[in-house]
Amino acid sequence: MLPYVVHRLAQGAVILLLVSFVGFAITLAAPGNAMQTFIDPGISVEDLRAAEARLGLDQPVPVQYLRWLGQVATGNLGWSSRTGAPVADLIGARVRPTLTLMGTAFVLTLALALWLGTITAARPYTWLDYGVTGAAFAGISVPSFFSGMVLIYVFALQLGWFPTSGLESYAADYEGWARWLDRARHLVLPVSVLVLTGAAELVRHVRGAVVEALQEDYVRTARGKGAPPGRVLRHHALRNGLLPVVTLVGLALPRLLAGSVVVEVIFAWPGMGRLLVESVFARDVPVAMAINLVAASLVLLGSLLADVAYAVVDPRVRYG
Amino acid sequence: MVVRLVLASLLFGFLPVALAQDTCASVGGTATIAQWSEPGNLNPLIFPTTYDTNVQELVFARLIRPTADLTFEPDLAESWTVSDDARTLTFTLREGLTFHDGAPVTAQDVAFTFTSMADPAYDGGRFAEISILVGAEAYREGTADAVEGIVVVDDRTISFTTTEPFAPFLPVIGGIFILPEHVYGAVPIGNWQEDASNRNPVGSGAFVFDEYRPGEFVSVSAFEGYWEGRPCLDRLIVRFGDQNTLLAALLAGEIDAAPVPIDGATSVANAAGLDLLVIDTLNFQYIGTNLRGPLLGDAAVREAIAHAVNRQAIVTGLLQGYGGLIDTVFPTNHWSYPPDVAPIAYDPAAAAEILEAAGWTLQGGVRVKDGQELSLRLFVPTGNLVRERTAPLIQANLRQIGIAVEIQTMDFPTLVTYLLPREADGTPRAVTAEDFDLFLLGFGIERDPNEYLSYLVETDMPPNGYNFIGVAEAEIAALMREGRVTLDQDARTEIYREVGRQMRDLLAWVPLYQAQDLYGANERLVGFGPDVRGINVDVARWSLR
């Protein structure tokens, strides 16, 4: 297993280099540069060009790329073209809010999808199955910006149960438990949106996988041996049915850090997705590239973890 | 204007300054306001945007500050005088001023601030504003040790000398926040943007900077030593986010004041406990034309466009009445707007006749002249929803008179690549007739109509300036240059009004509308009253009920 992992990591480094090259080319193919967003009657074109020269924006693309690469190779992600802030700080500040939001949503999504997927698989073609299936299709079909606005309207504006947006009540100065509770209240609506759409997708996969597994010979054998139905479902069917689901979960890892642009914008959540979109619109290449790189690393890591998890879940899978 | 302001300043100088507490409805508490975008730089000398300035205004103070009627009143300076040759302005600072860290505000700090803008290593984009000072160019080029035109007379007195009488110099000074030398002078000027001070500003304004959480808010708290007296609020939080998100937060009572998108006006007006404030601004929207080439170079085509667009429908429908028509290139509520300018009538029939008379004849729905089709691209920058929605209306209006319009929507930096084009190797080049036809954009007066100069004089066509449209009228250029050096306000008003009349006839910018800004404010926030100066008017006197 270990040599396999090392091999995959080495492959990953090469892929990252390619990703950074393609990412840089695409980012710089967008017309305009960071300084051009500052055009203003009070600023002369000479002053704009001086600032461009300082940021190296007047250099040919290959030169800009090599400079950037050289900097990143030394562990320096650079500075934002728009604000001068160190890119590592900008991304670092977003990690916790993003992980909190996406992690909570991920765990709840998984739990909900496994639970609903298994119980519907155990009772296929009943009112429960149809109900969950119908709800899942609705969940997939409704875009998250819409469900987000509906939740805000109903639960924040009409009922007043939850706050509309933000990480916490900024003016309140809560401390200790009160602060944690306040933050949890702020999590409810954005997490709900993510879980609704996420679980809707996953529950269909889980149900399908478990239904298939329930028809396998080993399940019949288990039943024949007199194993209780609950144990057959959880131990025999679900565990085997999980294999394809593991792939999906592994691929979901990058999303944990990449964040969700729509939900972050709607709920004014200081996440990674919003930072990426804002940096693209501001032509803030160092920030956009750094997020690209982080996301690409996570995709690679996610698929590696999924492959390793196969071996854990399925003893037949061996790497060597 | 200068003379009148000096008189005003003398009066102000002798008025007793009321302590803020005397005029506070209450003292204490935390208010939360909001804006639609995050600030980029908090060092005011680095490419300030409106969103940056909105935050900087809380933390920093200037020598003088604008008034609601667009003149200036004392801020850190208690008075100022103008020399007989009108080239030297001398400011006297108030006594006992301090920065937030307790250090005194001296004339040396003022000199440091202005000198920094001419430093060879400075690249924050604001050198042009003070390049009129004697010796600024020489200092920038490294051939002088100091800017000759900046003189510290004593701790509380500083004078500025310009190379020629320069009418907009007072507005320039009114736009520059004073930095403490002991803080910003400790950082090499070339590193200002990257330095932590760009995210932890120290000034002498009403509020002390506390915290900036990216993507969330900036928080400031009352400065006990503020010259006007301690602000009524203990703390002020500025949140940033999406327009509709902030609207929901306002409606839910989570924030006390925020700008409101037009679509949200009704819900704010109907909400209990909220007031809808409708504010005139100095911004307007126009259709820009590329005067080069046979289509838009033809005055008849521009005139036809102006008469064919149903601007009133835009104001009534898209702006829901929150705004008005504008008939030339200056905002209607500014002294430069000519009250006698000829209104642009909506008259599609007349527009069609104008084109017909100029030889543009209809062939299958589109007009043609000398084998050339009257078919134009309209570049529409994103970012202003109402403006984006005007594009299809304009397209439909122009189709009626036989002008084909193809809409191309793009973000602002992309539009800039057409307006300020470059060679393939990145070298800025001149605009050609092919670069663009029509574009939608806004403009406004920040402090003085001299800001239009680079947009309207022939020598400032790209790559030398912002005259993308290609105005080459010698008379307009002469007037714009005269406006810079004319100190008598009545004469100056007449100069810009004449520019306004000539630009109305030229129609190189087809004026569309001047929208009003909408704000929603919770009734518990007392004293909140934005005006042409922005959202923070009298912020030291805001209080909570």
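Note that this is a predicted model, so its numbers are computed, not measured. Below, each value reflects all heavy atoms present in this structure, side chains not excepted, and no hydrogens, waters or symmetry copies. Naming convention: chains lettered A, B, ... in sequence-line order (proteins, then strands); numbering from 1 in each chain.
Contact count versus chain B (heavy atoms, under 4.5 Å) is highest, among A:Pro31, A:Pro97, A:Pro60, for A:Pro31. Of the listed residues (B:Arg447, B:Arg213, B:Met410), the greatest number of heavy-atom pairs within a distance under 4.5 Å of chain A belongs to B:Arg213. Among B:Thr30, B:Asp411, B:Thr32, B:Asp242, the residue making the largest number of heavy-atom pairs under 4.5 Å with chain A is B:Asp411. For chain A, the option among B:Pro428, B:Gly426, B:Ser219, B:Ala252 with the highest count of heavy-atom pairs below 4.5 Å is B:Pro428. When the candidates B:Ala196, B:Gly241, B:Pro214 are compared by the number of heavy-atom contacts under 4.5 Å with chain A, B:Pro214 comes out ahead. In terms of non-hydrogen atom pairs under 4.5 Å with chain A, the most contact-rich of B:Asp195, B:Asn198, B:Ile237, B:Thr245 is B:Thr245. For the set A:Pro270, A:Gly32, A:Gly148, the count of heavy-atom pairs under 4.5 angstrom toward chain B peaks at A:Pro270. Ranking B:Asn191, B:Asn41, B:Leu415, B:Leu246 against chain A, the residue ahead of the rest is B:Asn41, based on heavy-atom pairs under 4.5 Å.
Applying a 4.5 Å heavy-atom cutoff, the residues of residues 79-95 of chain A that approach chain B are A:Trp79, A:Ser81, A:Arg82, A:Thr83, A:Gly84, A:Ala85, A:Pro86, A:Arg94. At a heavy-atom cut-off of under 4.5 Å, chain B is reached by A:Tyr170, A:Ala171, A:Asp173, A:Arg179 from residues 169-180 of chain A, listed in order of number. Residues from residues 151-168 of chain A that place a non-hydrogen atom less than 4.5 Å from a non-hydrogen atom of chain B comprise A:Ile152, A:Leu157, A:Pro163, A:Thr164, A:Ser165, A:Gly166, A:Leu167, A:Glu168, given in numerical order.
Between B:Phe284 and B:Trp509, the ring-plane angle classifies as tilted under the 30° and 60° cut-offs.
A salt bridge links B:Arg524 and B:Asp256; the closest N-O separation between the charged side-chain nitrogens and carboxylate oxygens is under 4.0 Å. Salt bridge status for B:Glu254 with A:Arg185: absent, with no side-chain N to carboxylate O gap under 4.0 Å. A salt bridge does not link A:Glu52 with A:Arg283: none of the charged nitrogens is closer than 4.0 Å to a carboxylate oxygen. Between A:Asp58 and B:Arg422 there is no salt bridge, since no side-chain nitrogen of the basic residue lies less than 4.0 Å from a carboxylate oxygen of the acidic one.
Listed by chain and number, the residues in a ring pair (Phe, Tyr, Trp, His ring centres under 6.0 Å) with A:Trp269 amount to none (sequence neighbours excluded).
Here the closest heavy-atom approach between residue B:Ala118 and residue B:Ala136 is recorded as CB-O, 4.0 Å. In plain terms, the two heavy atoms of A:Ala105 and A:Val195 that are nearest each other are O-CG2, 3.6 Å. B:Val55 approaches B:Pro39 most closely through the heavy-atom pair CG2-CG, 4.1 Å. Taking each heavy atom of A:Ser20 and A:Trp68 in turn, the nearest pair found is CB-CZ3, 3.8 Å. Across every non-hydrogen atom of B:Val329 and B:Tyr452, the tightest pair is O-OH, 2.7 Å. Contact detail for B:Phe379 and B:Asp435: the closest heavy-atom pair is CE1-O, 3.7 Å.
Taking CG from B:Leu419 and CG from B:Asn467, the interatomic distance works out to 11.5 Å, rounded to the nearest 0.5 Å.
More than 12 heavy atoms of other residues, nucleotides or ligands lie within 6.0 Å of CZ in B:Phe412, so this atom counts as buried by the packing criterion.
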Worked check of side-chain hydrogen bond (donor to acceptor under 3.5 Å, both in side chains) between B:Tyr466 and B:Glu451: CA-CA 11 Å; B:Tyr466 296 130; B:Glu451 291 154 11; over 6 Å; no

Intermediate values then yes/no, ring pair (Phe, Tyr, Trp, His ring centres under 6.0 Å), B:Tyr455 and B:Phe443: CA-CA 11 Å; B:Tyr455 290 73; B:Phe443 201 81; 4.7 Å; yes

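Between A:Tyr65 and A:Phe24, the ring centre distance stays below 6.0 Å.
Only the side chain of B:Glu446 comes within less than 4.5 Å of a heavy atom of chain A; its backbone N, CA, C and O stay farther away. Only the side chain of A:Glu278 comes within less than 4.5 Å of a heavy atom in chain B; its backbone stays farther off. Interface residue B:Thr414: backbone and side-chain heavy atoms are both found under 4.5 Å from chain A. Heavy atoms of B:Phe127 lying under 4.5 Å from chain A belong to its backbone as well as its side chain. The contact between A:Met35 and chain B is made entirely by side chain atoms (from C-beta outward), counting heavy-atom distances below 4.5 Å. Contacts between B:Arg199 and chain A at a heavy-atom distance below 4.5 Å involve the side chain alone, from C-beta outward. In this structure, chain B has a heavy atom under 4.5 Å from the side chain of A:Glu46, while its backbone stays farther away. Using a 4.5 Å cut-off between heavy atoms, B:Pro463 touches chain A through backbone and side chain atoms alike.
A:Asp47 contributes no side-chain N or O that, together with a main-chain N or O of A:Ala50, makes up a donor-acceptor pair within less than 3.5 Å.
Residues A:Asp284 and A:Ser279 have side chains that never bring a donor and an acceptor to within less than 3.5 angstrom of each other. In this structure, a donor-acceptor pair under 3.5 Å is present between the side chains of B:Thr427 and B:Asp425.
At least one side-chain heavy atom of B:Phe47 sits under 4.5 Å from a side-chain heavy atom of A:Leu48.
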